[in-house]
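Following: one structure in C-alpha cells, then a few remarks.
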Amino acid sequence: QVQLVESGGGLVQAGGSLRVSCTASVNIFSITRMGWYRQAPGKERDLVAQITQSGSTYYADSVKGRFAISRDFAKNTVYLQMNSLKFEDTAVYYCNAVLLEGYPEVWGQGTLVTVSS
C-alpha cells in the first residue's frame with residue numbers, strides 16, 4: 001500500500017555534497033521507521049541512516065558526521081543530506097519504510113550516486 005519515490009542522485013566530485021529525496025504515498029508521521037540503504041556493485045545492501053516515528057536517528061559508522069537524515073511532514077518526504085562525499089560512497093541509494101511493526105518492508109526504486117575523484 002505504501003509506495004516510495006526517490007530522486008536526487010547524480011554525479012558529484014569528492015568532497016562535495018548531494019541530497020537525495022524519498023517521497024511516500026502516505027503521511028510519513030504514521031510510518032514506524034524510514035531509512036536509507038546503499039548498495040555498491042558486487043556488495044551487499046547496507047543500512048546507512050534511519051529515522052523512527054519519534055525522531056530517533058541512526059547512522060552507520062562510515063557516514064557519521066557527514067550524512068544527515070531528516071523529514072518534511074508537509075511534503076511526506078525523507079531526505080538524506082550527504083556532505084564531504086568520498087569515492088567509496090558511490091552506490092545505489094534505496095529508501096526503505098516500515099509502516100507498522102509486522103508489515104512488509106517497502107523499498108524505493110533506488111537512485112544512483114556517483115562520486116568522482
Side-chain angles (χ1 to χ4, degrees):
Q1 187 173 353
V2 179
Q3 295 182 338
L4 306 173
V5 179
E6 303 178 41
S7 62
L11 176 65
V12 62
Q13 290 187 322
S17 298
L18 199 66
R19 187 181 72 170
V20 291
S21 304
C22 173
T23 299
S25 61
V26 299
N27 293 331
I28 63 171
F29 62 76
S30 65
I31 299 177
T32 297
R33 57 179 172 87
M34 299 187 70
W36 285 95
Y37 290 70
R38 68 185 181 187
Q39 186 169 22
K43 297 183 178 180
E44 296 183 354
R45 188 175 299 183
D46 295 323
L47 177 63
V48 176
Q50 183 175 266
I51 188 164
T52 69
Q53 192 171 19
S54 66
S56 297
T57 57
Y58 163 86
Y59 298 96
D61 288 342
S62 59
V63 306
K64 285 181 179 177
R66 299 189 298 119
F67 290 11
I69 189 169
S70 62
R71 300 175 293 185
D72 186 329
F73 292 110
K75 296 181 179 179
N76 290 324
T77 298
V78 172
Y79 302 99
L80 184 67
Q81 178 68 45
M82 300 178 285
N83 299 320
S84 301
L85 282 162
K86 305 173 181 178
F87 174 77
E88 51 264 41
D89 294 321
T90 296
V92 177
Y93 284 72
Y94 296 92
C95 185
N96 169 272
V98 177
L99 181 62
L100 293 170
E101 294 297 339
Y103 277 44
E105 292 182 308
V106 178
W107 294 91
Q109 78 284 0
T111 185
L112 176 63
V113 174
T114 303
V115 183
S116 63
S117 60

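Computation of the quantities below employed the complete heavy-atom set of this structure, encompassing side-chain atoms and omitting hydrogens, waters and symmetry-equivalent molecules.
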Atom of [X], atom of [Y] and distance for their closest heavy-atom approach:
X: T77; Y: S21; result: CG2-CB, 4.1 Å
X: S84; Y: R66; result: O-NH1, 3.0 Å
X: A91; Y: A40; result: CB-N, 3.8 Å
X: A14; Y: S117; result: CB-CA, 4.4 Å
X: L47; Y: A60; result: O-CB, 3.6 Å
X: R71; Y: Q53; result: NH1-O, 3.3 Å

With heavy-atom distances below 4.5 Å as the criterion, would you say the side chains of [X] and [Y] are in contact?
X: V113; Y: R38; result: no
X: N96; Y: R33; result: yes
X: Y58; Y: T52; result: no
X: L85; Y: F67; result: yes
X: W36; Y: M82; result: no
X: I31; Y: V26; result: yes
X: S30; Y: L99; result: yes

Under 6.0 Å from the ring centre and within 45 degrees of the ring axis: does the NZ or CZ of R45 meet both conditions for the six-membered ring of Y37?
no
Do the side-chain N and O atoms of N76 and T23 include a donor-acceptor pair separated by under 3.5 angstrom?
no
Find out if a path of hydrophobic residues (ILVMFWY) with successive side-chain heavy-atom gaps under 4.5 Å connects [X] to [Y].
X: V2; Y: M34; result: yes
X: F87; Y: V48; result: no
X: Y94; Y: V63; result: no
X: Y93; Y: Y79; result: no
X: V12; Y: V20; result: yes

A quick test of your reading: do over 12 heavy atoms of other residues, nucleotides or ligands sit less than 6.0 Å from CD of E88?
yes
Counting neighbours of CD on Q3 that are heavy atoms of other residues, nucleotides or ligands and sit closer than 6.0 Å, is the number greater than 12?
no
Could you tell me whether the side chain of [X] and the main chain of [Y] form a donor-acceptor pair under 3.5 Å?
X: T90; Y: V115; value: yes
X: Y59; Y: I69; value: yes
X: Q13; Y: S116; value: no

Please state whether the rings of F73 and F29 are parallel, tilted or perpendicular, taking 30° and 60° as the class boundaries.
tilted
In terms of side-chain geometry, is the basic nitrogen of D89 or K86 positioned less than 4.0 Å from the acidic oxygen of its partner?
no
Decide yes or no on side-chain contact (heavy atoms from CB on, under 4.5 Å) for T32 and E101, but give the supporting numbers first.
CA-CA 7 Å; T32 297; E101 294 297 339; 3.6 Å; yes
